[in-house]
Number of protein chains: 2
Amino acid sequence: MNTAKIEFSECGDCPIRHRAVCSRCETDELEQLNKIKFYKSYPAGQTIAIRGEPLQNVASIVAGTATLTRSIEDGRTQMVGLLLPSDFIGRPGRDTLQYDVTAVSDVTLCCFQRKPFEKLLEDLPHVRERLLEMALDELDAARDWMLLLGRKTARERIASLLTLMVKRTIRPDGEVMGNSSRIELPITREAMANYLGLTIETVSRQLTKLKNDGIIGIEGKRAITIPDLGALLAETGDDEDGGMIV
Amino acid sequence: MNTAKIEFSECGDCPIRHRAVCSRCETDELEQLNKIKFYKSYPAGQTIAIRGEPLQNVASIVAGTATLTRSIEDGRTQMVGLLLPSDFIGRPGRDTLQYDVTAVSDVTLCCFQRKPFEKLLEDLPHVRERLLEMALDELDAARDWMLLLGRKTARERIASLLTLMVKRTIRPDGEVMGNSSRIELPITREAMANYLGLTIETVSRQLTKLKNDGIIGIEGKRAITIPDLGALLAETGDDEDGGMIV
DNA sequence: CGTCGCATTGAACCGATTCAAATCCAGTGG
DNA sequence: CCACTGGATTTGAATCGGTTCAATGCGACG
């Protein structure tokens with residue numbers, strides 16, 4: 001069932017140590033979190049949480065990719081967040097989640113029971129501080145996405161998403177993960193469509209158009225190449241360095 | 001110039017005392033904020049802050065309505081937030097704002113210089129706590145709006161906005177402000193269009209269609225009546241009590 | 001009474017969706 | 001090694017919802 005194996009258990013070895021909600025913690029605060037943490041894994045495709053259900057735990061994503069989606073009965077679905085390692089799931093002070101959370105690749109979570117976590121929060125100023133910062137960053141990202149959903153053309157949306165993916169391969173310390181001119185898409189066409197507020201057909205068509213225009217190359221179904229990042233950026237509809245804070 | 005007059009100066013008399021960033025403060029914390037606060041007013045239509053400019057102050061809206069917008073050079077504009085009394089402008093830890101802030105009615109702000117405020121924040125746990133809560137609420141609202149922008153039809157968007165306006169006239173304590181079956185629209189058609197990711201023409205057309213279908217009544221340009229709130233809710237595309245957390 | 005700024009209405013157009021069919025590809029079993 | 005299968009993806013053609021452009025209506029205000 002669980003394919004994402006945990007090869008660590010000490011916070012010091014944790015791959016998201018420097019970015020997650022615990023990033024500012026010193027050894028004593030870390031130790032307090034460490035005492036109540038536990039790991040959980042989900043295979044690709046599995047539901048992690050359903051909107052409206054009481055939420056027992058909060059968690060940080062340690063490995064893998066998950067999505068946050070909102071949908072209505074008639075099947076229309078909008079992705080409202082793409083969760084990557086270090087992102088936080090759940091919110092203190094509310095006992096139900098507003099969105100569906102789904103693992104799109106094998107996912108490993110670092111979980112805390114919500115109640116103890118909330119209680120602990122009072123004693124951990126660095127966690128609170130980081131949580132606020134992360135919430136505000138997500139708010140900025142959500143608002144940028146609102147511009148995309150409300151005003152951008154299909155082509156601009158695709159270009160924006162690809163740009164986002166590229167930027168996500170660049171670590172905050174500037175270190176480039178792998179060749180940035182070639183990116184693996186961690187999500188299906190359907191997930192892309194749900195993220196962009198489009199249909200899969202439109203996603204497919206725009207990808208091939210961008211390919212035919214020489215902006216990108218397509219390698220199989222899950223990878224693209226970008227010969228000229230500037231050319232792709234010019235297609236996003238954003239002003240030069242505008243928005244797209246990752 | 002300034003038409004919104006301040007008729008108070010003590011925090012105890014402040015109309016947003018129970019909802020704003022200071023809502024959890026006891027007298028001593030309140031006194032600390034009180035020492036560094038100052039009021040500022042802007043007439044309707046005036047720009048409060050421009051994207052990218054260094055931000056000297058943070059502030060709470062005391063009275064009036066302001067908008068948060070994001071736009072691209074070619075003129076496309078998306079509203080990403082509607083700021084009502086008690087809402088907070090600016091974010092600690094970042095010195096530029098990502099969005100344009102505009103007063104749509106006469107606005108009065110309760111301002112703090114950003115740096116002193118950030119410093120003070122370390123000693124005011126209740127402000128931090130409330131700030132986090134408000135940020136998370138805004139994040140939920142932004143994500144609900146993403147569903148609207150990505151997947152809803154024009155008619156559903158209009159109905160959703162009107163529903164939002166109605167809910168905003170209901171105070172958190174359950175007290176209804178005025179007759180909820182009649183609402184004043186605090187914003188122009190253009191602002192509505194920018195909020196909904198539509199054109200003003202479409203907004204206008206859908207409003208008249210809703211009128212012709214008997215869902216709403218239109219009184220002049222800035223007020224509508226809602227004979228049957230349930231009928232309006234049914235047009236939003238949301239599941240019964242779904243989403244729309246205000 | 002004229003004018004200026006919104007708002008409404010109309011008609012043509014267009015980008016994205018819808019529905020349908022073809023293609024690609026990984027995995028499976030002969 | 002190859003044929004088969006099922007799921008994802010691509011491609012095509014028709015349609016539709018919302019936009020665009022243009023004209024008209026409506027109040028407020030000088």
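Treat the numbers as computed from the prediction; the structure is a model and nothing was measured. In the text below, chain A, chain B and the rest are named by the order of the sequence lines, each starting its count at 1.
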What closest approach, in Å, do Leu139(A) and Ala135(B) show between heavy atoms, and which atom pair accounts for it? CD2-O, 4.3 Å

In whole angstrom, give the distance that lies between atom CG of Asn194(B) and atom C1' of dT19(D). 14 Å

Quick one: does Arg205(B) reach the base of dT20(D) with a side-chain donor-acceptor pair under 3.5 Å? yes

Tell me whether the side-chain N/O atoms of Arg222(A) come closer than 4.0 Å to OP1 or OP2 in dT9(D). yes

Here the distance between atom P of dT8(C) and atom CD1 of Ile218(B), to the nearest Å, is 6 Å

Arg151(A) atom CZ is separated from dG15(C) atom C1', nearest whole Å, by 15 Å

Could you state the atom-to-atom distance from CZ of Arg76(A) to C1' of dA16(C) in whole Å? 15 Å

Note: Met134(A) and Arg19(A) closest approach over all heavy atoms is SD-O, 4.3 Å

So what does Leu198(B) hit on the nucleic acid, given a heavy-atom distance under 4.0 Å: a base, only sugar-phosphate, or nothing? sugar-phosphate

Grab the NZ-P distance between Lys152(B) and dT17(C) for me, whole Å please. 18 Å

State whether the number of non-hydrogen atoms from other residues, nucleotides or ligands found under 6.0 Å of Glu219(B) atom CD is greater than 12. yes

Under 4.0 Å, counting only non-hydrogen atoms across every strand here, what does Arg155(A) touch: a base, just sugar-phosphate, or nothing? nothing

Could you please name the option among dT9(D), dT8(C), dA16(C) that lies closest to any side-chain atom of Lys221(A)? dT9(D)

Whether Glu201(B) and Arg189(B) form a salt bridge (side-chain N of Lys/Arg under 4.0 Å from carboxylate O of Asp/Glu) is what I want to check. no

Measure NZ/Lys209(A) against C1'/dT9(D) and give the value in whole Å, please. 17 Å

Residue whose nearest DNA chain C nucleotide is more 5′ - Glu201(A) or Ser204(B): Ser204(B)

Side chain of Thr199(A) (C-beta onward), nearest among dA7(C), dT18(C), dT9(D): dT18(C)

Nearest whole angstrom, please: distance from the C1' of dG18(D) to the CD of Glu156(B). 14 Å

Expressed as a whole number of angstroms, how long is the span from Ile200(B):CD1 to dC6(C):P? 10 Å

With a cut-off of less than 4.0 Å, is there a side-chain N or O of Thr208(B) near OP1 or OP2 of dT9(C)? yes

Nucleotide of dT17(C), dA16(C), dT9(D) approaching Ala154(A) most closely (side-chain heavy atoms): dA16(C)

Closest non-hydrogen atom pair between Ala154(B) and Gln206(B), with its separation: CB-CG, 3.8 Å

